[in-house]
Amino acid sequence: MQTSSNTAPIDLSVQEVSKHYTNFTAVNRLSLDVPKGSFFSILGPSGCGKTTLLRMIAGFITPDEGDIVIGGKSMRNVAPNRRPVNMVFQHLALFPMMSVGENVGYGLARRGLTKGEISKKADAMLERVGLPGIAGKRIDQLSGGQKQRVAIARSLVLEPTLLLLDEPLGALDLKLREHMKLELKQLQNEVGTTFVYITHDQSEALVMSDRVAVMNKGQFEQVGTPQELYYHPKTAFVAGFVGNSNRLEGVLTNAAEGKTASGLTLALTPTQPASSGATSMFIRPETIALSRQETEIASFANRLPCKVETLFFDGANSTVQVKEVATGTQLHVALPHTGQHSDLVPGETVFIGIRAEHVQAFQG
Ligand SMILES: Nc1ncnc2c1ncn2[C@@H]1O[C@H](COP(=O)(O)OP(=O)(O)OP(=O)(O)O)[C@@H](O)[C@H]1O
Ligand SMILES: [Mg+2]
């Protein structure tokens, strides 16, 4: 977050770039600026155009319109191998017949460095990614996470201005992915290379990035810090895609009140200039207070008696699904991390409290 977008020079500037496939627009007049040294993620669902955008930045696909400027220079007519850019793919494309050291040194060898220089740089980079002393190993002797780090080392050793990463953790199992996303962030911090990272995993984007662009149908819906996207989504798509939320469809009955299709009336803080019409309302599970005593939620604008339906016990991430008594509206509520209420049983009556400012409404 400390990478101040105000002072750092812009390493990558995408300017009104489009890519059309016959009758389909994969990337639609998209612009973005990435300051030097920052970790920028592009987050969006499958098919929204992420890989197309990244491949245009790398030079493998030519944009139909617009310009891409890297390190202050237009990349028009600049071949991929002449761009100060390296790309790490989901499927790593390491050379299985070469040792780890040869893999990492491959690009340096192509640049004509001596054997001594190559092995010195490769060893130093392997150490940097937490794999010291494995230059002599074969690729098939490594775990999935180690291979991923070798692939990153192979790119970083070339000292690119920009490192482009296309879902590099996608092939790893969940536990390793959780671990690698922390490591990648630390690594980026240490080396200071500008990272442009694409993913459909919102948690990866939130944890690692200085800034995130949420992409939908070839365009950016919102660009901001993880906190801005999480707490102040500007569109229903962003509210629904970033983090978990209860999503309730309905209508705005006036500027500060919505009524769900199920008939539940909710006081809300109008975040959009709207006073009537169709709306999607979002409430995050962790903003909902839950109690066995009605008096404890007395200060909440929305106070709803509910029946417990299902408890999803998952340690600190436990939630409970409840059903509002009068309308049958179902809501997911996060349980306190202390373990309080982890003994709830189906059928039990509870009371939930929702503050007006925690109901985010979007028109349409
Ligand atoms: N060569 C092509 N010809 C026609 N359509 C294409 C071509 N390449 C991609 N597309 C289409 O463009 C859209 C964007 O594809 P892209 O690979 O950029 O998506 P993505 O966001 O990377 O998705 P994923 O998360 O699944 O990797 C998709 O609908 C895809 O079918
Ligand atoms: Mg892709």
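Bear in mind that the values here come from a model prediction, so they are computed numbers and not experimental data. Just follow the structure's listing: the first ligand is 1, and inside any ligand the first atom is 1. For reference, positions follow the sequence shown, starting with 1.
Other residues, nucleotides and ligands contribute at most 12 non-hydrogen atoms within 6.0 Å of the CZ atom of Arg29.
In terms of the salt bridge (charged side-chain N to carboxylate O under 4.0 Å, His left out) criterion, residue partners of Glu183 (sequence neighbours excluded) are, by chain and number, Arg149.
Using a 4.0 Å cut-off between a side-chain N of Lys or Arg and a carboxylate O of Asp or Glu, Arg138 and Asp140 qualify as a salt bridge.
Contact residues for ligand 1 (protein heavy atom closer than 4.0 angstrom to any ligand atom): Tyr21, Phe24, Ala26, Pro45, Ser46, Gly47, Cys48, Gly49, Lys50, Thr51, Thr52, Glu167.
Looking only at distances, no side-chain donor or acceptor of Arg211 sits under 3.5 Å from a matching main-chain atom of Ser38. Proximity of a side-chain donor or acceptor of Thr260 to a complementary backbone N or O of Ser262 within less than 3.5 Å is detected.
Among pairs with a residue in residues 317-337, those fulfilling salt bridge (charged side-chain N to carboxylate O under 4.0 Å, His left out) read Glu309-Lys323, at least two apart in sequence or across chains.
Among the candidates Val129, Leu94, Leu108, Val88, the single residue satisfying the side-chain contact (heavy atoms from CB on, under 4.5 Å) test with Arg154 is Leu94. Val27 pairs in a side-chain contact (heavy atoms from CB on, under 4.5 Å) with only one of the listed residues (Asp64, Ile61, Leu53), which is Leu53.
With Phe300 as the aromatic partner, Arg355 meets the cation-pi criteria of under 6.0 angstrom to the ring centre and within 45 degrees of the ring axis.
The set of protein atoms (N, O or S) found at less than 2.8 Å from the Mg ion (ligand 2) reads Thr51 OG1, by chain and number.
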